[in-house]
Visitor: 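My structure is below; once you've seen it, I'll send some questions.
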Amino acid sequence: MSQSASSTLDPAQLAGQAAHQIALATGAATHDVALVLGSGWARAGDLLGETLATLDPAEVAGFRAPSVAGHNATIRSVRIGDTDRRALVFGSRTHLYEGHGVRAVVHGVRVAAAAGCRAIVLTNGCGGLDAGWPPGTPVLISDHINLTGVSPLEGATFVDLTDLYSPRLRGVARQVEPGLAEGVYVQFPGPHYETPAEVRMAGILGGNLVGMSTTLEAIAARAAGLEVLGISLVTNPAAGISPTPLSHAEVIEAGRAAGERIGPMLARIVQLV
Ligand code: 8IG
């Protein structure tokens with residue numbers, strides 16, 4: 001559909017239209033669980049089960065092509081293991097720093113809810129504040145601090161965010177990986193990485209992880225009634241934690257290297273979600 005036509009729809013209508021297109025293209029009237037695959041998690045998506053349909057987001061209402069290297073832009077309908085349940089897998093996300101506004105950032109989440117999903121697994125690659133978390137360490141998100149200064153909700157939408165990151169689903173993840181670390185994720189606007197002083201600030205505020213995604217999606221998911229599981233992959237020590245400067249190439253490589261471990265873990269978690 002044309003840009004001008006889609007901009008006349010409110011976010012819920014646009015999500016409903018996209019969900020309808022996905023149902024037609026995948027042959028699945030509804031999906032059960034949604035996943036958003038962040039940096040380093042692409043391989044993990046391949047292990048969930050058989051891919052039954054692959055869509056180009058550019059052909060689904062409200063989505064745009066990703067601008068970040070290392071992000072695989074597909075929307076897939078995947079059979080979860082050998083069950084009859086279906087996962088809707090977003091191979092990329094729109095980041096706030098791309099400048100398309102917060103509606104674009106959370107569109108996929110709203111589409112997941114409109115497609116019938118009850119839960120969403122939000123993954124990302126991030127910087128870690130704990131020197132004991134080497135690159136490749138998966139960390140459950142227990143809570144977040146949103147430093148973007150914006151909300152995905154418009155109007156007087158007073159949504160409670162206590163237990164935003166579902167204790168039940170965190171328990172499920174722990175069942176699969178008992179030693180899984182847990183931490184507070186701090187979203188900065190990006191696209192630049194933090195200064196060492198900003199990373200120290202994040203730590204003083206109670207943060208353990210720094211990144212450029214996830215919190216706005218989690219808020220929109222809660223508002224849409226989805227149960228949220230957040231899992232970060234520490235792909236680098238946050239600025240100032242290690243003496244080496246950050247490089248995007250290293251971030252991608254750390255994710256690739258961790259894939260062998262986090263892929264099977266994610267697949268087993270999704271079976272139980
Ligand atoms: I991958 O160290 C990844 N994404 N803000 N800081 C922020 N985002 C990130 C980082 C990081 N690593």
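Just the heavy atoms: all of them, side chains too, but no hydrogens, waters or symmetry mates, feed the values below. Each ligand, and each atom within it, is numbered from 1 in the order the structure gives. All of these numbers come straight from a predicted model, not from anything done at the bench.
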Visitor: Output the list of atoms in ligand 1 that are nearer than 4.0 Å to some heavy atom of T235, sorted by atom number.
Guide: 1 (I)
Visitor: For ligand 1, indicate whether the residue V210 contacts it via side chain, backbone, both or neither (heavy-atom separation under 4.0 Å).
Guide: both
Visitor: Using a strict cut-off of 4.0 Å, indicate which atoms of ligand 1 neighbour a heavy atom of G127.
Guide: 2 (O), 10 (C), 11 (C), 12 (N)
Visitor: Hey, does V33 have a side-chain heavy atom less than 4.5 Å from the side chain of I80?
Guide: yes
Visitor: One pair to check against side-chain contact (heavy atoms from CB on, under 4.5 Å): V139 and I231. What are the steps and the verdict?
Guide: CA-CA 6 Å; V139 179; I231 317 180; over 6 Å; no
Visitor: In this structure, does ligand 1 have an atom that sits under 4.0 Å from one of the heavy atoms of G190?
Guide: no
Visitor: Which atoms from ligand 1 have a heavy atom of C126 less than 4.0 Å away?
Guide: 1 (I), 3 (C), 4 (N), 10 (C), 12 (N)
Visitor: Indicate yes or no: does an N/O atom of E194 lie under 3.5 Å from an N/O atom of ligand 1?
Guide: yes
Visitor: How does F188 reach ligand 1, by side chain, by backbone, by both or by neither, if only non-hydrogen atoms under 4.0 Å count?
Guide: neither
Visitor: Check this for me - ligand 1, N236, N or O atoms closer than 3.5 angstrom, yes or no?
Guide: yes
Visitor: Looking at R85, I'd like to know if its CZ atom is crowded, meaning that more than 12 non-hydrogen atoms belonging to other residues, nucleotides or ligands lie closer than 6.0 Å.
Guide: yes
Visitor: Tell me every residue that passes ring pair (Phe, Tyr, Trp, His ring centres under 6.0 Å) with H31, counting only those two or more places apart in sequence or in another chain.
Guide: none
Visitor: For residues 216-226, tabulate all N or O donor-acceptor pairs below 3.5 Å that involve a side-chain atom, not counting sequence neighbours.
Guide:
from	atom 1	to	atom 2	distance (Å)
E217	OE1	R93	NE	3.2
E217	OE1	R93	NH2	3.0
E217	OE2	R93	NE	2.8
R222	NH1	D160	O	3.1
R222	NH1	T162	O	3.4
R222	NH2	D163	O	3.0

Visitor: Indicate the atoms forming the closest heavy-atom contact of L169 with A119, along with that distance.
Guide: CD1-CB, 4.4 Å
